[in-house]
Number of protein chains: 2
Amino acid sequence: MSLPSEKIQKILHQNFPQITEKGLQEEIAIIGKLMDFEAGELIMDYGSYVRMVPLIVKGCIKVSREDSEEGKELLLYLLNAGDTCSMSFTCCMLDKKSAIRTEALEATTIIGIPLKYVDSWMTKYQSWKNFVMMSYDNRLLEMVKVIDSIAFKGLDKRMEQYLKAITESTGNTTISMTHQQMADDLNVSREAVSRLLKKLEQINLVRLGRNQITLLG
Amino acid sequence: MSLPSEKIQKILHQNFPQITEKGLQEEIAIIGKLMDFEAGELIMDYGSYVRMVPLIVKGCIKVSREDSEEGKELLLYLLNAGDTCSMSFTCCMLDKKSAIRTEALEATTIIGIPLKYVDSWMTKYQSWKNFVMMSYDNRLLEMVKVIDSIAFKGLDKRMEQYLKAITESTGNTTISMTHQQMADDLNVSREAVSRLLKKLEQINLVRLGRNQITLLG
DNA sequence: AACATCCTGTGACATACATCACAAACTAAG
DNA sequence: CTTAGTTTGTGATGTATGTCACAGGATGTT
């Protein structure tokens, strides 16, 4: 039976080796709040009150963008254990209509860090600064990848990337989703997804079932 | 007749009011290198040797993305006086094939800061840290805007944004470009641009000439 | 002035995907 | 078991933009 702060210390060692400074680890252990989310649960939506940065401990978080007017959607990237969401800084400052949405793709645990510490630790702890900067860099690169996909690639390539991203992120070759959900993530029509998946099944790249796509090979 | 370092100090006051600390201003004045680029000149390309972060003093810089294989291109955003290019951090680490390109859209002056200072100032100077973080935030937001445009909008809206962005950035309602160059920036065919511009001319939104588009209204 | 080159305009057709319409297969609830 | 709801499959048709082909105007060069 361990105290939550001891638990957090252990987690930091396992999942956030970049956070090296003892003092920082201790502060996080005291201040950080362990939070659990169920699969499908919304973590942050349009300019929500969540003024904290999440350190992801376990599970998988889906970050997506909504079209202000037409209810369209687009998956930006997935976050896993060891990641943080640098958009959180930015998110809180965005106007409500054009927000990023963050939801748990599967059961997920995070350590929540209140924003004010995030900022003050930047100058206090070298390893925190590096962690935050690295995270920003990663996110910028993810965004560039998204832009590449939608600007330069057809649906077939995008689907391939999408399936790979999800199976890798969840560690499960079987994806439990409807075609409609996938279509929303990719911002294309459900019919286009159905037809493309059918083709992939005929080439033996996937096996299809109701609410279920299994990536083969 | 002033020394370059005095000149830089003056520039900092004018264009970078966020950089408040005296010590920081002095370091920049000593270390920073004033560099001029002509219109059209390439500032940074595929994993170039440029290991510095530019503070933009005057002019306008075009940041774009190239498709690795097919020679396609896409304008990401424009930078003006007071801006910096946060992708520079990242850029140096990217593999050559999938790089960001930075070029002067008009005669442009920058202060180049060698990367090593960029990093060490983060913990040393509060206002530098804020400046860098703000710049990252801005860039992430720009990227989100780009994603919105290409994912959710048609060419007509994109063209509108594009024309506005360029005229605002250069402060000139007349744009001196060929349709082909615009098509490259927007990653569409030249014919699509020509046809759309023709329509806009018929509604009296632009006036067209050879190598020249004037935004009316 | 003659010529070559660059830029723009425009028709014809191709392609990827959206939209509409509906049927068939599966699942859950009574 | 029946029925209603959800998910998937598929044809027909629409739309935006790409691609190809070429002509005419603008500009620069000798």
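Order of the sequence lines fixes the chain letters, A, B, ..., with proteins taken first and strands second; residue numbering starts at 1 for each chain. As a basis for the values below, the full set of heavy atoms in this structure was taken, side chains included, without hydrogen atoms, waters or symmetry mates.
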field: Sub-4.0 Å heavy-atom contacts from residues 173-184 of chain B onto DNA chain D, ordered by number
entry: none
message: Looking only at side-chain N and O atoms, does B/Ser135 offer a donor or acceptor that is under 3.5 Å from a partner on B/Ser86?
response: yes
field: B/Leu186 side, atom CG; B/Leu196 side, atom CG - distance, nearest 0.5 Å
entry: 9.0 Å
field: For atom CG of B/Leu197 and atom P of C/dG9, their distance in whole Å
entry: 8 Å
- request: Round to a whole Å and report the spacing from CZ of B/Arg207 to P of C/dT8.
  value: 16 Å
- request: Dump the intermediate steps for side chain to side chain contact (heavy atoms under 4.5 Å, CB included) on A/Gln161 and A/Ser149, then the final yes or no.
  value: CA-CA 9 Å; A/Gln161 287 181 188; A/Ser149 296; 2.8 Å; yes
message: Please report the distance, rounded to the nearest Å, between NZ in A/Lys153 and P in C/dC17.
response: 14 Å
Can you name the atoms? Protein N/O to nucleotides 18-22 of chain D N/O, anything below 3.5 Å, with the distance.
from   : atom 1 : to       : atom 2 : distance (Å)
D/dG18 : OP1    : B/Ser189 : N      : 3.2
D/dG18 : OP2    : B/Ser189 : N      : 3.0
D/dG18 : OP2    : B/Ser189 : OG     : 2.8
D/dT19 : O4     : B/Arg195 : NH2    : 3.3
D/dC20 : N4     : B/Glu191 : OE2    : 2.9

task: Would you kindly give the CD-to-C1' distance between A/Glu201 and D/dG9, to the nearest whole Å?
output: 11 Å
field: Between A/Thr174 and A/Thr214: side-chain donor-acceptor atoms closer than 3.5 Å
entry: yes
- request: Evaluate salt bridge (Lys or Arg N to Asp or Glu O under 4.0 Å) for B/Glu103 paired with B/Arg101, printing each intermediate quantity in order.
  value: CA-CA 7 Å; B/Glu103 68 190 282; B/Arg101 189 203 297 156; 3.3 Å; yes
Hey, what are the protein-to-nucleotides 24-30 of chain C N/O distances that come in under 3.5 Å?
from   : atom 1 : to       : atom 2 : distance (Å)
C/dC26 : O2     : A/Arg210 : NH1    : 3.3

field: Within 6.0 Å of NZ in A/Lys33, more than 12 heavy atoms from elsewhere
entry: no
message: Rounded to the nearest 0.5 Å, what separates atom CZ in B/Phe152 from atom CG in A/Leu74?
response: 5.0 Å
message: Pick the closest DNA chain D nucleotide for A/Gln202 and for B/Asp156 by heavy atoms, then say which residue is nearer the 5' end.
response: A/Gln202
query: Could you state the interatomic distance from CZ (A/Arg139) to OH (A/Tyr77), rounded to the nearest 0.5 Å?
result: 5.5 Å
For atom CZ of A/Arg158 and atom P of C/dC17, their distance in whole Å: 9 Å
query: Would you say the side chains of B/Asn211 and B/Ser176 form a donor-acceptor pair under 3.5 Å?
result: no
Rounded distance in Å - CD1 (B/Ile150) to C1' (C/dC17): 17 Å
Ionic contact status for A/Asp184 with A/Arg190, cut-off 4.0 Å: no
task: Look at B/Asp67 together with A/Lys153 and state whether they make a salt bridge at an N to O cut-off of under 4.0 Å.
output: no
